[in-house]
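See structure below.
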Amino acid sequence: MPLLEIQNLEVRYGKAVALERVSLRVGLHEVVGVLGSNGAGKTTLLRAISGVLSSAGTMHFEERRIDGMPPHRIVAAGICHCPEGRHLFRELSAEKNLRLGAYLRKNRDEIECDLERVFGLFPTLRARRSQRAGTLSGGEQQMVAIGRALMGKPKLLMLDEPSAGLAPQLKSAIFRAIDDIRRDGTSVLLVEQDASSAQRIVDRIYLLEHGHIVREGASREFFDDREIRRFYLGI
């Protein structure tokens with residue numbers, strides 16, 4: 001059984017249909033990419049899985065129904081969402097932002113262990129731990145946002161455009177960290193517009209267009225197909 005399985009997901013904003021009959025799955029220790037243009041419904045998909053948006057259809061996580069659950073229960077079940085735009089508490093330190101990700105957890109020793117794990121993934125944050133989040137660079141803020149989600153100890157980490165607006169060197173660091181996160185045993189659902197960077201780490205891809213899944217398959221199938229590369233991935 002897959003870790004996450006979604007069948008016939010539908011989301012509406014009033015009368016407008018944002019997602020229609022979307023089905024996907026994420027397996028254990030897998031990085032699954034969701035690619036598509038702006039307005040395709042990628043962010044809506046993650047927000048629906050997180051319980052932030054009302055939806056129709058069914059969602060199972062570890063064979064348990066999660067559709068209709070409130071967001072805090074979905075986090076407790078093991079799904080953590082790092083949203084587009086970071087949404088940090090700018091006046092709080094980097095470390096306090098990270099610790100807020102563990103707000104549902106009680107075991108202090110495990111929390112400290114996971115904080116060290118985040119500093120291992122993003123060594124620059126150790127030196128910046130006392131610095132206000134709002135004064136960090138864009139790349140450092142993205143590291144804090146990903147680290148905060150990891151502090152929830154997810155089985156599935158959902159990342160929305162983690163490389164947006166970053167310089168190439170910082171993009172590479174973020175994607176290396178995502179690959180390390182998967183190697184440590186956390187599955188990843190990655191929404192990303194930078195297809196050329198995503199192809200290095202994703203196992204499978206869903207192509208979303210106007211709220212519909214129009215293609216799915218192994219990463220190699222996508223990036224070996226010249227027509228898909230040109231018309232859908234822009235590379």
Side-chain angles (χ1 to χ4, degrees), residues 26 29-35 42-43 46 50 75 78-203 219:
V26 180
H29 310 151
E30 189 177 35
V31 178
V32 173
V34 180
L35 306 181
K42 305 186 301 296
T43 293
L46 296 194
S50 296
V75 172
I79 300 176
C80 291
H81 180 188
C82 179
E84 183 181 14
R86 301 155 194 158
H87 298 286
L88 302 181
F89 292 93
R90 296 176 61 83
E91 297 304 314
L92 298 182
S93 69
E95 182 174 340
K96 286 183 178 179
N97 271 275
L98 291 172
R99 289 183 180 278
L100 283 172
Y103 74 101
L104 290 178
R105 300 173 59 187
K106 304 299 183 186
N107 190 311
R108 293 189 176 184
D109 289 339
E110 289 185 359
I111 291 171
E112 295 304 317
C113 182
D114 286 333
L115 183 63
E116 286 300 311
R117 177 193 178 199
V118 171
F119 289 149
L121 282 170
F122 304 115
T124 188
L125 294 186
R126 188 186 299 277
R128 302 281 193 271
R129 64 194 301 169
S130 299
Q131 189 171 328
R132 285 192 297 114
T135 66
L136 299 174
S137 70
E140 291 164 349
Q141 289 186 25
Q142 187 62 65
M143 293 172 188
V144 173
I146 294 173
R148 181 179 60 187
L150 285 174
M151 290 297 293
K153 207 171 183 64
K155 299 172 185 176
L156 174 64
L157 175 64
M158 301 196 302
L159 299 172
D160 193 352
E161 303 285 5
S163 74
L166 301 185
Q169 186 175 358
L170 286 171
K171 277 189 180 185
S172 296
I174 292 295
F175 281 103
R176 283 196 303 271
I178 295 170
D179 200 30
D180 287 342
I181 289 165
R182 180 259 298 276
R183 292 178 190 277
D184 286 344
T186 302
S187 299
V188 179
L189 182 58
L190 172 67
V191 159
E192 183 58 59
Q193 270 196 293
D194 186 347
S196 60
S197 294
Q199 70 172 316
R200 304 170 195 166
I201 60 169
V202 296
D203 300 300
S219 175

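Values in this document were obtained by computation on a predicted structure and should not be read as measured data.
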Answer whether the closest heavy-atom distance between the side chains of [X] and [Y] falls below 4.5 Å.
X	Y	result
Leu150	Leu121	yes
Met151	Arg117	no
Ser197	Glu192	no
Glu161	Thr43	no
Ile201	Leu190	yes
Ser219	Asp203	no
Leu170	Met143	yes

Between [X] and [Y], which heavy-atom pair has the shortest distance, and what is it?
X	Y	answer
Cys82	Leu159	CB-CD2, 3.5 Å
Pro162	Ile178	CG-CD1, 4.1 Å
Ile111	Arg105	N-NH2, 3.8 Å
Leu98	Gly147	CD2-C, 3.5 Å
Gly152	Cys80	CA-SG, 3.9 Å
Phe175	Ser163	CE1-CB, 3.6 Å

> What is the distance from atom NZ of Lys96 to atom CZ of Arg129, rounded to the nearest 0.5 Å?
Replying inline: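 Those atoms lie 12.5 Å apart.
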> Got a second to check how far Asn97's CG is from His87's NE2, nearest 0.5 Å?
Replying inline: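 Here the interatomic distance stands at 13.0 Å.
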Carboxylate-amine/guanidinium contact [X] [Y], below 4.0 Å:
X	Y	result
Glu112	Arg108	no
Arg176	Asp180	no
Lys153	Glu110	no
Arg132	Glu91	yes

> Among Val188, Asp179, Val26, Leu157, which one satisfies side chain to side chain contact (heavy atoms under 4.5 Å, CB included) with Val31?
Replying inline: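 Exactly one candidate clears the test, Val188.
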Sidechain-backbone polar pair: [X] side chain, [Y] backbone, donor-acceptor under 3.5 Å:
X	Y	result
Gln141	Leu136	yes
Asp160	Val191	no
Ser187	His29	yes

>> What verdict does the side-chain contact (heavy atoms from CB on, under 4.5 Å) test give for Arg128 and Phe122, after you've listed the backbone C-alpha separation in whole Å, the side-chain angles of each residue and the deciding distance to 0.1 Å?
In response: CA-CA 10 Å; Arg128 302 281 193 271; Phe122 304 115; over 6 Å; no
>> Run Leu100 and Leu92 through side-chain contact (heavy atoms from CB on, under 4.5 Å) and show every step you take.
In response: CA-CA 10 Å; Leu100 283 172; Leu92 298 182; 3.9 Å; yes
>> Taking atom NZ as the centre, does Lys171 end up with more than 12 heavy-atom neighbours from other residues, nucleotides or ligands that are less than 6.0 angstrom away?
In response: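 More than 12 heavy atoms, drawn from other residues, nucleotides or ligands, come within 6.0 Å of this atom.
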> Could you go step by step and tell me if Leu115 and Glu95 meet the side-chain contact (heavy atoms from CB on, under 4.5 Å) rule?
Replying inline: CA-CA 9 Å; Leu115 183 63; Glu95 182 174 340; 3.9 Å; yes
>> Run Gln142 and Arg86 through side-chain contact (heavy atoms from CB on, under 4.5 Å) and show every step you take.
In response: CA-CA 6 Å; Gln142 187 62 65; Arg86 301 155 194 158; 3.4 Å; yes
